[in-house]
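Reviewing the structure listed below.
When a residue number appears, it is its place in the shown sequence, counting from 1.
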Amino acid sequence: MTLALDIAGDADMRERRCIVSGEVLPEAHLVRFVVGPENEIVPDVAAKLPGRGIWVGATRAALEKALRKNLFLKAARMSVKAPADLADRVEAQLKARMLSDLGLARRAGQLVLGFDNVLRALAAKHPPVALIEARDGAEDGRRKLLAAGRARDASPAVIDCFTVQELSLALGRENVVHGGLLSGRLAERLTLDAARLDGFRSATGTDGKTGPNPVSDERHE
């Protein structure tokens with residue numbers, strides 16, 4: 001499970017209406033869709049594609065309801081096609097965006113890697129606001145880092161969306177298990193996107209730690 005950050009800037013985000021629930025919510029809690037050139041519904045998790053946006057709550061259940069009730073057709077006011085794997089496409093876009101942002105954070109010096117380095121960072125004046133934890137990493141290391149944060153009256157969010165292999169490929173390092181994100185826009189965006197990704201994974205049972213052999217903390221980042 002990913003622990004969400006309480007981000008003050010959330011109240012300042014633009015709000016949109018979900019076509020499923022009718023609720024008006026900050027954009028960070030929704031997923032934007034547009035009608036593509038061939039009248040196909042296209043996910044736009046970065047909310048940058050041209051065209052009129054159609055917004056859906058950031059959960060697989062909300063999107064499936066929109067598809068089941070033909071709400072995209074009503075919102076677009078034209079005949080549109082929605083691919084059967086639309087929810088999977090949203091999940092894939094969110095994963096790619098997050099892994100790219102993690103790479104940006106590393107290059108910008110906003111991401112600390114390795115158990116010992118994260119532990120030291122948690123004791124610093126400005127500790128990480130979020131922990132990056134490989135979902136197939138050993139629980140012991142995660143517990144120690146969370147305990148270290150709480151001992152300093154810090155409550156870092158936990159982003160555990162990715163495996164060791166996924167993190168290692170994205171960050172250009174071997175065996176990445178632990179990371180710490182320093183405060184900034186990338187940390188905010190990653191935490192919010194992690195919550196959206198959880199919404200699309202929860203119904204498929206891919207939210208937990210899988211695999212029989214968790215990665216040991218002693219030999220890895």
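For Lys81, the NZ atom sits in a packed shell: over 12 heavy atoms of surrounding residues, nucleotides or ligands are nearer than 6.0 Å.
Side-chain heavy atoms closer than 4.5 Å link hydrophobic residues (I, L, V, M, F, W, Y) into clusters, and following such links, possibly through other members, connects Val35 to Leu67. Note on Val42 and Val80: separate hydrophobic clusters, where clusters join Ile, Leu, Val, Met, Phe, Trp and Tyr whose side-chain heavy atoms are under 4.5 Å apart, directly or indirectly. Met78 and Leu49 are not part of a single hydrophobic cluster, where members link through side-chain heavy atoms under 4.5 Å apart. Ile41 and Val34 fall into different hydrophobic clusters, where Ile, Leu, Val, Met, Phe, Trp and Tyr side chains are chained together by heavy-atom contacts under 4.5 Å.
Listed by chain and residue number, nothing satisfies the ring-ring contact (aromatic ring centres under 6.0 Å, His included) test with Phe162 (two or more places apart in sequence, or in another chain). Checked against side chain to side chain contact (heavy atoms under 4.5 Å, CB included), Arg89 has the following partners two or more places apart in sequence or in another chain: Glu40, Pro43, Pro83, Asp85. With sequence neighbours excluded, the residues forming a side chain to side chain contact (heavy atoms under 4.5 Å, CB included) with Ala105 are Gln110, Leu111, Leu181, Leu186, listed by chain and number. In terms of the salt bridge (charged side-chain N to carboxylate O under 4.0 Å, His left out) criterion, residue partners of Glu166 (sequence neighbours excluded) are, by chain and number, Lys95. Residues meeting the salt bridge (charged side-chain N to carboxylate O under 4.0 Å, His left out) test with Arg97, sequence neighbours left out: Asp193. Annotation: side chain to side chain contact (heavy atoms under 4.5 Å, CB included) contacts of Ile19 (sequence neighbours excluded): Ile54, Val56, Ala66, Leu71, Phe72, Ala75. Applying the side chain to side chain contact (heavy atoms under 4.5 Å, CB included) criterion to Ser183, with sequence neighbours excluded, gives Val129. For Lys144, the salt bridge (charged side-chain N to carboxylate O under 4.0 Å, His left out) test picks out Asp140, with sequence neighbours left out.
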For this session: Determine, step by step, whether Glu64 and Thr59 satisfy the side-chain contact (heavy atoms from CB on, under 4.5 Å) criterion, reporting the C-alpha distance in whole Å, the side-chain angles of both residues, the deciding distance to 0.1 Å, and the verdict.
Result: CA-CA 9 Å; Glu64 288 175 348; Thr59 67; over 6 Å; no

For this session: Assess whether side-chain contact (heavy atoms from CB on, under 4.5 Å) is satisfied between Arg152 and Leu122, documenting all intermediate values.
Result: CA-CA 8 Å; Arg152 297 276 299 178; Leu122 286 167; 5.6 Å; no

Exercise. Would Val158 and Arg142 satisfy side-chain contact (heavy atoms from CB on, under 4.5 Å), going step by step from the backbone distance to the final call?
Worked result: CA-CA 9 Å; Val158 178; Arg142 179 194 302 225; 3.7 Å; yes

For this session: Begin from the C-alpha positions of Leu102 and Arg106 and carry the test side-chain contact (heavy atoms from CB on, under 4.5 Å) through to its verdict.
Result: CA-CA 6 Å; Leu102 283 171; Arg106 182 187 64 79; over 6 Å; no

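In plain terms, the two heavy atoms of Leu63 and Ala87 that are nearest each other are CD2-CA, 3.5 Å.
Cluster partners of Val24 are absent, since no Ile, Leu, Val, Met, Phe, Trp or Tyr has side-chain heavy atoms less than 4.5 Å from it. When hydrophobic side chains of Ile, Leu, Val, Met, Phe, Trp and Tyr are connected at separations under 4.5 Å, Leu30 ends up clustered with Leu25, Trp55.
Screening residues 118-128 for side-chain hydrogen bond (donor to acceptor under 3.5 Å, both in side chains) gives Asn117-Arg120 as the qualifying pairs, with residues at least two apart or on separate chains. Under the salt bridge (charged side-chain N to carboxylate O under 4.0 Å, His left out) criterion, the residue pairs touching residues 17-34 are Arg14-Glu27, Arg16-Glu27, Arg32-Asp44, with sequence neighbours excluded.
No donor-acceptor pair under 3.5 Å is formed between the side chain of Arg173 and the backbone N or O of Leu113. No side-chain donor-acceptor contact under 3.5 Å links Ser100 to the backbone of Ala96. Without hydrogens or angle criteria, Arg189 side chain to Gly184 main chain gives no donor-acceptor distance under 3.5 Å. With hydrogens and angles ignored, the 3.5 Å screen pairs no side-chain donor or acceptor of Asn175 with any backbone N or O of Ser168.
Side-chain contact between Phe200 and Asp88: absent, with no pair of heavy atoms (C-beta onward) separated by less than 4.5 Å. A 4.5 Å side-chain heavy-atom check between Arg196 and Val31 finds at least one atom pair inside the cut-off.
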